[in-house]
2 protein chains.
Amino acid sequence: MAANSRMKNTHRPSRADGSRTSGLALPIARKIIELARRDHLPIGAHLPKHQLALAFHVSRSPVRAALECLEARGVVIQRRHRGYFLAADSRKLERVAAALGRHAEDEPYLRIAADRLAGKLPEQFTELELMRHYGVSRAQLHMMLTRMAQEGWLQRKPGYGWKFLPVLTSAEAHGLSYRFRMAIEPAAILEPTFRIDAKGFARARAEQQALVDGRIRELSSAELFSIGSRFHEMIARCSGNPFFHEALLRVNRLRRLIEYRAMGDTERFLQQAREHLRLLDLLEAGERERAAAFLRGHLEVVRAVKSTVLRSGARRRTRPKAEQTGSTAIAMGASHVHF
Amino acid sequence: MAANSRMKNTHRPSRADGSRTSGLALPIARKIIELARRDHLPIGAHLPKHQLALAFHVSRSPVRAALECLEARGVVIQRRHRGYFLAADSRKLERVAAALGRHAEDEPYLRIAADRLAGKLPEQFTELELMRHYGVSRAQLHMMLTRMAQEGWLQRKPGYGWKFLPVLTSAEAHGLSYRFRMAIEPAAILEPTFRIDAKGFARARAEQQALVDGRIRELSSAELFSIGSRFHEMIARCSGNPFFHEALLRVNRLRRLIEYRAMGDTERFLQQAREHLRLLDLLEAGERERAAAFLRGHLEVVRAVKSTVLRSGARRRTRPKAEQTGSTAIAMGASHVHF
DNA sequence: GATTGCATTTATCAGACATAAAATGCAATT
DNA sequence: AATTGCATTTTATGTCTGATAAATGCAATC
């Protein structure tokens with residue numbers, strides 16, 4: 001989401017290894033590695049600062065910082081007045097990528113979400129309370145709160161304070177999100193502006209095929225969720241209509257918070273990956289109507305399964321008592337506050 | 001740009017008439033009048049502070065301020081230790097409501113939007129530039145920028161600065177928003193959780209009937225747009241699925257910025273109001289499938305008309321040259337920036 | 001001639017304080 | 001008993017300053 005695209009890890013910029021990396025440096029370091037991996041850059045490839053800066057839409061300063069960080073990790077080497085050059089093979093790249101990736105970017109955000117789901121936070125609160133509790137700055141907290149409000153599970157009160165909405169905790173809401181997807185995703189395929197994105201299709205196919213071929217067992221449920229979302233979002237983007245894509249992104253941002261604790265079993269997941277491949281086949285064969293119908297069915301099945309899992313999960317878990325407001329009404333559209 | 005605009009940063013809350021009303025007071029004053037009008041409260045009706053505060057989800061302080069403001073305008077009178085009582089008939093209420101309503105709440109936001117549409121703002125800018133140019137505080141500006149980012153027509157750059165996306169200025173984007181509505185609105189009617197909201201229906205019917213009966217000539221295009229949006233949003237809310245409602249709200253927030261400069265002629269608008277009434281008839285008769293089909297047709301016609309108007313309008317107007325990026329690609333879903 | 005390395009400028013962020021406004025408690029009144 | 005009116009407390013915003021990071025210009029180098 002655009003709002004917090006720049007995360008600053010201002011929590012002590014100095015790390016254990018002494019390399020002080022802050023601001024954009026780390027994210028850009030990750031991007032450089034990603035670039036090197038995706039384009040299969042050979043060892044010794046030149047990495048011109050200026051072009052990297054251009055590619056990432058930033059100035060050369062953070063790029064330099066990122067390269068210094070990567071040099072400290074042995075991924076690149078600097079040759080005086082000649083620039084930086086790649087110095088790691090793909091194995092090493094993967095290792096470093098993993099190490100860098102571990103620093104969760106929006107860690108406090110996820111912590112709040114988790115605490116909310118676990119019922120550890122009160123229904124209503126003020127900014128100061130959370131600020132103190134999570135030890136983040138006002139600006140950071142404000143960003144997170146705004147983000148949650150935009151995602152639809154937190155609402156600003158007209159005066160002081162915020163309050164949570166029951167969206168996240170309700171199994172019904174989850175089912176409703178699937179109903180919504182059943183409406184927009186097949187429709188996206190049928191849009192007159194729909195065009196297959198060859199590259200995206202190829203990448204998605206490779207990814208799903210890898211799952212079917214066993215990689216599914218190596219991945220965490222969060223990663224599996226991410227792959228699944230990306231797949232559907234790629235298809236929606238092919239609609240050529242950003243409204244469909246954007247709507248799906250929004251739903252998925254919300255789903256991410258609850259669903260990874262309700263992942264089905266591996267067998268089911270394998271079946272989903274196979275269905276994803278089948279969907280790609282249908283689309284590439286130009287059978288848009290059949291693809292749309294197939295996708296609708298696919299979503300309906302997933303909805304039913306997930307719904308069951310979540311519901312039983314909800315029974316097991318103790319629900320925060322403040323939630324029981326008597327109705328299952330989900331006041332999501334609360335973003336249009338009146339002042 | 002920023003050269004000619006060294007305006008006062010001090011925002012004086014005091015008004016010409018001397019009544020210093022700030023913060024929530026004004027919005028709440030409006031709400032009180034709205035309440036009195038909607039419930040047809042008689043002159044002399046008691047207005048208990050505590051209950052008003054409860055109804056509006058605020059404390060008694062801003063309610064008191066609002067009542068004092070209303071007393072200054074003769075809408076209510078205070079009787080010592082007995083409280084405030086209504087002292088205006090519906091004619092006077094309407095007049096005062098209009099007077100209060102004139103103070104646009106998000107005036108700078110709309111000004112920025114208008115300037116952007118008129119091509120008066122550069123493609124890229126920094127917060128400081130806009131702050132100086134519009135004379136708003138950083139917090140206010142930040143709120144507006146975040147809002148625009150969420151609405152999908154502004155994007156934060158990874159480092160410093162923001163940049164506009166081409167969404168708003170393109171007639172294509174507008175057409176695509178209607179395609180999206182054609183997908184979700186009929187589907188909303190067909191949701192299994194769809195339930196008619198009797199009160200909402202009655203209010204909508206009265207409003208649309210008033211339009212047909214001639215009120216259409218008294219209203220500004222912005223007001224007409226607002227009524228139209230409300231109608232469709234009310235229907236979507238009946239779906240019982242907040243995702244549909246929320247998605248429509250988002251689309252409409254975006255449409256609002258462009259569409260009121262492309263309102264069709266009165267005759268067309270009258271026709272739309274009649275079709276809205278017909279839709280209510282169908283729904284109340286329980287004919288959901290026919291209603292959905294009818295709504296879809298309704299949207300298709302409106303889309304075609306508006307599209308024509310906008311396109312010719314675009315030809316007349318001089319488009320800012322920075323826009324011509326060669327493609328009509330609408331980078332709305334840009335919210336998924338990668339770091 | 002492109003690119004680097006460094007220095008300078010500019011923008012944003014964090015912390016602190018003062019201020020405005022909302023929330024809240026309680027005695028007084030009907 | 002409910003509600004008001006006032007006083008007090010709490011909360012958030014505006015503004016300032018210093019710190020830090022990003023953007024940018026330019027000489028030096030390959």
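Reminder, nothing fancy here: chain letters follow the sequence lines and each chain counts from 1. Just so we're clear, the structure is a prediction, and the values are computed from it rather than from any experiment.
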**Request:** Classify the nucleic acid contact of Gln124(A) as base, sugar-phosphate or nothing, counting any heavy atom under 4.0 Å across all strands shown.
**Result:** nothing
**Prompt:** Which part of the nucleic acid does Glu68(A) contact within heavy-atom distance under 4.0 Å: base, sugar-phosphate only, or nothing?
**Reply:**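 Nothing, no nucleic acid heavy atom in range.
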**Message:** Show, in sequence, the C-alpha distance, side-chain angles and deciding distance for Leu257(A) and Trp153(A), and conclude whether the side chain to side chain contact (heavy atoms under 4.5 Å, CB included) test is met.
**Reply:** CA-CA 11 Å; Leu257(A) 295 175; Trp153(A) 50 287; 3.6 Å; yes
**Message:** Does Glu94(B), at its CD atom, have more than 12 non-hydrogen atoms belonging to other residues, nucleotides or ligands within less than 6.0 Å?
**Reply:** no
**Message:** Quick check on His46(B): does its NE2 atom have over 12 non-hydrogen neighbours (other residues, nucleotides or ligands) under 6.0 Å away?
**Reply:** yes
With a cut-off of less than 4.0 Å, is there a side-chain N or O of [X] near OP1 or OP2 of [N]?
{"X": "Lys49(A)", "N": "dG5(C)", "result": "yes"}
{"X": "Gln51(B)", "N": "dA2(D)", "result": "no"}
{"X": "Arg138(B)", "N": "dT12(C)", "result": "yes"}

**Request:** Select one nucleotide: of dT3(C), dG5(D), dT12(C), the one nearest the side-chain heavy atoms of His46(A).
**Result:** dT3(C)
**Request:** With the side chain of Ser137(A) defined as its heavy atoms from C-beta on, choose the nearest nucleotide among dT4(C), dA14(C), dT4(D).
**Result:**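 For Ser137(A), the side-chain atoms sit closest to dA14(C).
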**Request:** Kindly determine whether Leu52(B) and Ile28(B) satisfy side chain to side chain contact (heavy atoms under 4.5 Å, CB included), including the steps that lead there.
**Result:** CA-CA 9 Å; Leu52(B) 290 174; Ile28(B) 289 185; over 6 Å; no
**Message:** Could you tell me if Arg147(A) sits above the aromatic ring of Tyr109(A), with its cationic atom closer than 6.0 Å to the ring centre and no more than 45 degrees from the axis?
**Reply:** yes
**Fill in**
Letter by letter from the 5' end, nucleotides 22-30 of chain C scores (B base, S sugar-phosphate only, - none; protein heavy atoms under 4.0 Å) SBBBB--SS
**Stepwise side chain to side chain contact (heavy atoms under 4.5 Å, CB included) test for Arg37(A) and Ile33(A)** = CA-CA 6 Å; Arg37(A) 293 179 70 191; Ile33(A) 291 184; 3.9 Å; yes
